[in-house]
Structure formats: C-alpha cells, structure tokens
Amino acid sequence: MRIVPGSANPALAQAVANHLGVETDGCTLQRFPDGELRPQVENACGADVYIVQPTSPPVNEHLVELLLLVDACRRSRAGRVTAVVPYFGYARQDRRTAPGQALGSAVVADAIAAAGADRLVVVDPHTPELEAVCRIPAETLSAVPALAGALAGHLPDGTVVVAPDLGAVKLAERYAAVLHGPVAVVRKQRGAGSAVAALDVAGDVIGRTAVIVDDMITTGATIEAAVGLLRAGGAAHDIVVAATHGLFVHAAAGRLQDLGLRRVLVSDTVAVKNTGATIEIASVAPTIADAIACLHTDKPLRDPPIPAR
C-alpha cells in the first residue's frame, strides 16, 4: 500500500496514512514559470497506490495535478492506482441546462480513467449520479456520520434539520435520522452570479434551533438566504450550519461570520485556510482510511458507525 499526497490537501493524506499506520510516499511537484506542473512519485512499482487529491480551488490546477500523478504512477508500473478525490470538482455540471453546454462531471471522470486510474473514491459528491458516468468503479463515502456525530449531544430537543434547497432534502433526512429531529425545506431561487433568494420554508421552525445542512459551502449565498428566511419565520437565533465541503470562496467566511451563527462545521475534504472566521472541522480521515483498508484487501466497504445522541 502506498499513500501519495497531492498538493491540494497534504494534511488529510497524512491523517489518512496515520490511521492506516503507514508513511506517505515521497512526491515532489515542480512548477515551471509558464504554469506547467511536473509531479514525481516514488516507490510506486508494483504497489497498490492511493492518490489523495481533492480537486478544490484552484480546481483546474488541482485536477491537472491529479491526472499527472495518476499517469506518473501508471508509468512507474504501479500494480493498481486509486484516485481518492474527497472533493470532486465539476460534479455540479451533471446536466446541461442550456444548448451548447458541456457535461463537466462526465468529462472529468473520463479524464481520470484515461489517465490510468483503476478506481475512484469520492466523498459526498454533489450529484449522486456520478458513478453512472464513470468508466471505472467509483466508491462514494460520506462525511455525514462524522459531522452528525460532532453535532449529536450538543443540540436542544426539538432541533429541526433544514435543507437549504430541494437538492439537499435527502442529505437532511440522513442528518435527521442521527439527530432525531424533523426536516424543513427552503425553496430558493438562484439569480445571476452568486445571488440567491429564499422564497419560503416548508416545515415547523418557530422557536426551534435550526441546523442547516448542505454538501458544500461555496460563496455562502445559499446559507445566507436560508438564515434570513428562518429567522423571519420565527426560528431560534442560534442557527447551526454543517456541510461536507468548505470551499469558502469570494469572502464566504466573512459573509457567514456576519450572520452570527452558533456553529459552522465542515469536514476536512478541502483544506480550510485561515479565513479569520471560526470554522470547526470534523475529519473524514478515519472514514477514508477505513475504505482504503477494505479496498486494499479486496473486502466490501463498511458503513461507518452512526453515533448515538
């Protein structure tokens, strides 16, 4: 077994290796003046290699690095190469909404396979249909047990789990199963750029602590709109936000800090930089490490334990 860290989130790769009781392999990344990347890996010959590289911002740079790392391992005669992509960029481009658009999720999945990966591992992809567009086996893990476990026991009775849009309803139901609370749904309308308008909320939120859950926080506009609607609808002021991927682009952290939220909790699928805001982290390293251990020994993946409240 070899754990190869990409430059997008080396701390997560190291944490995964620590849980497995192995060292991360040496990997150097040369950057040419014109922006070209040249990664170099060690000890790949005959090995079962797991490249840990989320395609987080800058998405295109990290994606190209991932493809080159896969190719480098393949050309070094690795026995098997698995691309562990905790955050899968371009997953939102899972359908065409206008003529002339590309299907980004399928293009990226094909590129990873073409580079030489034998398997893909992702965490809470934006589209559940990602596996259907992959030409190689794709394993989907979830940060929900880790995030819900960090919330369980710290919320008052009657807490309501809120999906900030219709696409997050199933995710909210999974959190609600752990937190033993009802689900409410915000109906939103996205405008130009990062503008989001929350139209109404379905569910009883009056006087309740709300936990807004989503697969990612990008600009924070969706969260901001949901918070405004929940407070206008009588929800308790101390709102909690939990999301798998904390991208925090375009001053998102400052936008969330201005909302006066009780907690903002994300996983470490993406390296969260010093944003100046109080962001709590629940690690998915144990989940990824357990999956790698099963894949390395050709055993079925185990469902992570659901914490009791």
Side-chain angles (χ1 to χ4, degrees), residues 8-9 11-12 54-59 62 85-94 122-128 141-151 161-172 174-175 179 184-191 193-198 201 209-231 235 238-284:
N9 197 346
L12 176 60
T55 51
S56 49
V59 179
H62 288 153
V85 188
Y87 170 70
F88 189 95
Y90 287 95
R92 282 174 287 190
Q93 296 186 32
D94 59 339
V122 298
V123 179
D124 289 334
H126 186 74
T127 172
L141 311 179
S142 181
V144 171
L147 292 166
L151 295 173
V161 179
V162 179
D165 54 37
L166 294 177
V169 171
K170 289 185 178 180
L171 183 67
R174 294 172 62 193
Y175 276 92
L179 301 176
V185 183
V186 171
R187 187 168 62 92
K188 76 174 184 181
Q189 184 177 56
R190 184 173 292 277
S194 61
V196 174
V201 58
T209 295
V211 179
I212 303 173
V213 299
D214 211 346
D215 64 314
M216 68 177 75
I217 301 175
T218 308
T219 65
T222 294
I223 301 299
E224 182 181 46
V227 168
L229 186 63
L230 289 170
R231 286 177 175 161
D238 56 342
I239 294 174
V240 176
V241 173
T244 298
H245 313 293
L247 303 182
F248 300 118
V249 301
H250 297 165
R255 171 182 263 171
L256 297 182
Q257 189 171 27
D258 291 343
L259 295 176
L261 301 169
R262 177 179 174 183
R263 297 176 70 183
V264 178
L265 178 68
V266 297
S267 80
D268 54 354
T269 55
V270 173
V272 178
K273 299 177 182 178
N274 184 11
T275 61
T278 303
I279 308 294
E280 300 178 46
I281 307 294
S283 181
V284 292

Judged by atom type as modelled, is there a donor-acceptor pair below 3.5 Å linking the side chain of [X] to the main-chain atoms of [Y]?
X    : Y    : result
H245 : F88  : no
R263 : E280 : no
D268 : V284 : yes
T55  : Y87  : yes

Can you tell me how far apart [atom1] ([X]) and [atom2] ([Y]) are? Round to the nearest 0.5 Å.
X    : Y    : atom1 : atom2 : answer
I217 : I279 : CD1   : CD1   : 7.0 Å
D124 : D214 : CG    : CG    : 10.5 Å
D215 : T269 : CG    : OG1   : 10.0 Å

* Asked: Are I212 and L230 close enough that some pair of their side-chain heavy atoms sits under 4.5 Å apart?
  -> yes

* Asked: Side-chain contact, heavy-atom cut-off 4.5 Å: L256 with F248?
  ->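 Heavy-atom side-chain distance check passes, below 4.5 Å.
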
* **Distance-only donor-acceptor check, side chains H250 and T219, under 3.5 Å** =>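 The answer is no; no qualifying pair exists.
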
Considering all heavy atoms, the nearest [X]-[Y] contact:
X    : Y    : answer
P57  : V249 : CG-CG1, 4.1 Å
D238 : R262 : OD2-NH1, 3.4 Å
S267 : T244 : OG-O, 2.5 Å
P86  : P54  : CD-N, 3.7 Å
R231 : G260 : NH2-O, 3.4 Å
V162 : A210 : CG2-CB, 3.9 Å

* To do: Please assess L265 against V240 for the test side-chain contact (heavy atoms from CB on, under 4.5 Å), listing each intermediate value before the final yes or no.
  => CA-CA 8 Å; L265 178 68; V240 176; 5.7 Å; no

* Structure fact -> Partner of L247 under side-chain contact (heavy atoms from CB on, under 4.5 Å), picked from V266, T218, V59, is T218

